[in-house]
Student: 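I am attaching a structure below and will ask some questions about it afterwards.
Remember, it's 1-based here, ligands and their atoms both numbered in the order they're listed. Residues: numbered from 1 along the sequence shown.
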Amino acid sequence: MQNRTATSVANANIAFIKYWGNANDALRIPVNSSLSMNLDGLYAQTTVTWDQPADTLVLNGIEQTGKPLERVSRHLGELRARLSIQRFAAVESVNNFPAGAGIASSAAAFAALTVAAVSAAGLTVEERELTTLARLGSGSASRSVPAGFVEWHAGSSYKSSYAESFAPVNHWDIVDVIAIISEAHKATGSQDGHPTAKTSDLQAARVAGAPERLHICKKAILERDFATFADVVEHDSNLMHAVMMTSRPPLFYWLPPTLTIMQAVREWRAEGVQVCYTLDAGPNVHCLCIRKDAEQVSQALKMLSGVVDVRMAGVGGGAKIVASGKR
Ligand code: DP6
């Protein structure tokens, strides 16, 4: 028997206004809307083949059991339930960046998995619904489905929480120069971090101000106003990390070089370089800059102690199918 198969590629994304904490953990409905850009060339490529005796997962060539397989199988279960698919799937995925170190690997992974699984099932689903489906696997994955600069509307139900592009890839040539200081898998992943957000006294204040920050950030992007963009992006990242550090138990994602880089970035900006920082749930520092300054920022980061590697990514496209058929 021939089984339907499809391969999808989805880029990671970096949030400018962060998602941290859910109003509904099971449905991954966040407490605030978020903004991001996709990261060109930092991707997951995933092949899904239905009609298998059981769900299986091969990640970067290694057969997975335990938690990674359980999370993928749970997501496939959601897709089966919501799209009336009655089969199991073989999933093979590769990604080209360190997983679990603050470069949203689950975003690329669950966006690619969702898009490939739907296509391999022979279904046509609109982009908006693909974002809601991807969200069930990993919240930030909803933002890796549409292209370019993306807003995830928090919403209040399965359907009303979705992501959409608000500016195309070529709107503004921002580059994410990522200072990697550790490729180690982080101790507490985002999935286990979100439920702790509400234990911080600061979370309510962070959430209350999020709509205004999002408005300012979106406007700055649309007007290509780097100074305003830099100010609000750094502030939003600082607020999220303040919440993390004051949760119970506290989450400290920074390592000593993280702070060194953050301070250097602020000094470079004061000297006229258009650069700012943002951090996800990990120690690596995402230095956002205008393309003309990217090489200079990369060279300067490499001179700082503790930086083991630097990766660069421009604005990326949305998730897409790269192959499909039967096998
Ligand atoms: C800090 O989307 O990875 O990167 O829904 O549990 O998979 P799950 O969490 P995830 O959380 C992302 C958190 C963040 C900020 C962001 O990307 O907005």
Side-chain angles (χ1 to χ4, degrees), residues 10-39 42 44 67-68 70-72 74-75 78 95 97-114 131-145 149-155 158 161-163 176 178 185-198 200 203 206-207 210 213-214 217 232-234 236-245 247 251-254 258 277-286 288 316:
N11 289 314
N13 68 73
I14 179 68
F16 304 145
I17 300 297
K18 306 293 188 184
Y19 150 49
W20 196 247
N22 287 316
N24 179 326
D25 280 315
L27 284 178
R28 281 193 163 81
I29 296 170
V31 285
N32 63 278
S33 299
S34 54
L35 289 188
S36 61
M37 78 174 205
N38 286 338
L39 297 174
L42 297 181
K67 276 193 173 175
E70 278 165 31
R71 188 167 174 186
V72 162
R74 196 176 327 115
H75 189 55
E78 287 283 357
N95 55 31
F97 52 89
I103 305 175
S105 57
S106 63
F110 282 94
L113 173 63
T114 304
T131 74
T132 64
L133 289 167
R135 189 196 82 228
L136 296 172
S138 173
S140 55
S142 64
R143 299 189 312 241
S144 279
V145 175
F149 296 86
V150 177
E151 177 171 2
W152 170 17
H153 303 277
Y158 165 69
S161 185
Y162 71 98
D176 184 4
I178 309 162
H185 220 283
K186 59 202 173 199
T188 307
S190 306
Q191 183 164 229
D192 300 321
H194 290 290
T196 71
K198 58 180 171 298
S200 166
Q203 172 73 343
R206 188 194 72 81
V207 172
R213 289 192 303 281
L214 188 144
C217 187
V232 72
V233 165
E234 287 188 355
D236 193 82
S237 173
N238 294 344
L239 281 168
M240 179 181 74
H241 282 271
V243 167
M244 291 163 161
M245 290 178 198
S247 294
L251 293 170
F252 294 102
Y253 286 111
W254 299 1
T258 309
Y277 66 75
T278 187
L279 281 82
D280 278 347
N284 299 328
V285 185
H286 293 253
L288 303 165

Student: Could you list which atoms of ligand 1 come closer than 4.0 Å to a heavy atom of Met240?
Tutor: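 The list of qualifying atoms is 1 (C).
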Student: Determine whether any heavy atom of Arg71 lies closer than 4.0 Å to an atom of ligand 1.
Tutor: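 For ligand 1, residue contact (heavy atoms, under 4.0 Å) with Arg71 is present.
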Student: With heavy-atom distances below 4.0 Å as the criterion, list the atoms of ligand 1 near Gly139.
Tutor: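 Reading through ligand 1 atom by atom, the close ones are 2 (O), 5 (O), 7 (O), 8 (P).
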Student: List the atom of Leu279, the atom of Asn284, and the distance in Å for their closest heavy-atom pair.
Tutor: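 Result for this residue pair: CG-O, 3.7 Å.
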Student: Could you tell me how the ring of Trp20 sits relative to the ring of His194: parallel (under 30°), tilted (30 to 60°) or perpendicular (over 60°)?
Tutor: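 Rings of Trp20 and His194: tilted, 30 to 60°.
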Student: Side chains of Asn32 and Arg213: closer than 4.5 Å at any heavy-atom pair?
Tutor: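 Side chain of Asn32 against side chain of Arg213, heavy atoms only: no contact under 4.5 Å found.
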Student: State, yes or no, whether a side-chain contact exists between Phe149 and Leu35 at a heavy-atom distance under 4.5 Å.
Tutor: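 In short, these two side chains do not touch, never coming nearer than 4.5 Å.
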Student: Show me which atoms of ligand 1 lie under 4.0 Å from any heavy atom of Ala281.
Tutor: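 Listed by number with element: 1 (C).
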Student: Taking Ala281's backbone N and O only, do any of them form a donor-acceptor pair with His241's side chain (distance below 3.5 Å, no angle check)?
Tutor: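 It does not hold such a pair.
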Student: Kindly confirm or rule out an N or O of Tyr19 lying under 3.5 angstrom from an N or O of ligand 1.
Tutor: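 N/O-N/O distance under 3.5 Å: yes.
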Student: When you compare the side chains of Ser138 and His75, does any donor N or O come within less than 3.5 Å of an acceptor on the partner?
Tutor: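 His75 and Ser138 do not have a side-chain donor-acceptor pair below 3.5 Å.
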Student: Short list, please: which atoms of ligand 1 are under 4.0 Å from a heavy atom of Ser106?
Tutor: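 Answer for ligand 1: 3 (O), 7 (O).
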Student: Can you tell me if Tyr158 and Asn24 form a side-chain donor-acceptor pair at under 3.5 Å?
Tutor: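 Note: Tyr158 and Asn24 side chains miss the donor-acceptor criterion.
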Student: Which ligand 1 atoms, with their elements, are less than 4.0 angstrom from a heavy-atom of Ser138?
Tutor: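 The list of qualifying atoms is 2 (O), 3 (O), 5 (O), 7 (O), 8 (P), 10 (P).
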Student: For atom 11 (O) of ligand 1, which of the options His194, Arg28, Arg143 provides the nearest non-hydrogen atom?
Tutor: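 It is His194 that holds the nearest heavy atom.
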Student: Quick one: which ligand 1 atoms are inside 4.0 Å of a heavy atom on Ala15?
Tutor: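 This gives 16 (C), 17 (O), 18 (O) as the contact atoms.
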Student: Would you check the N or O atoms of Ser140, main chain and side chain alike, for any that come under 3.5 Å of an N or O of ligand 1?
Tutor: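 Yes.
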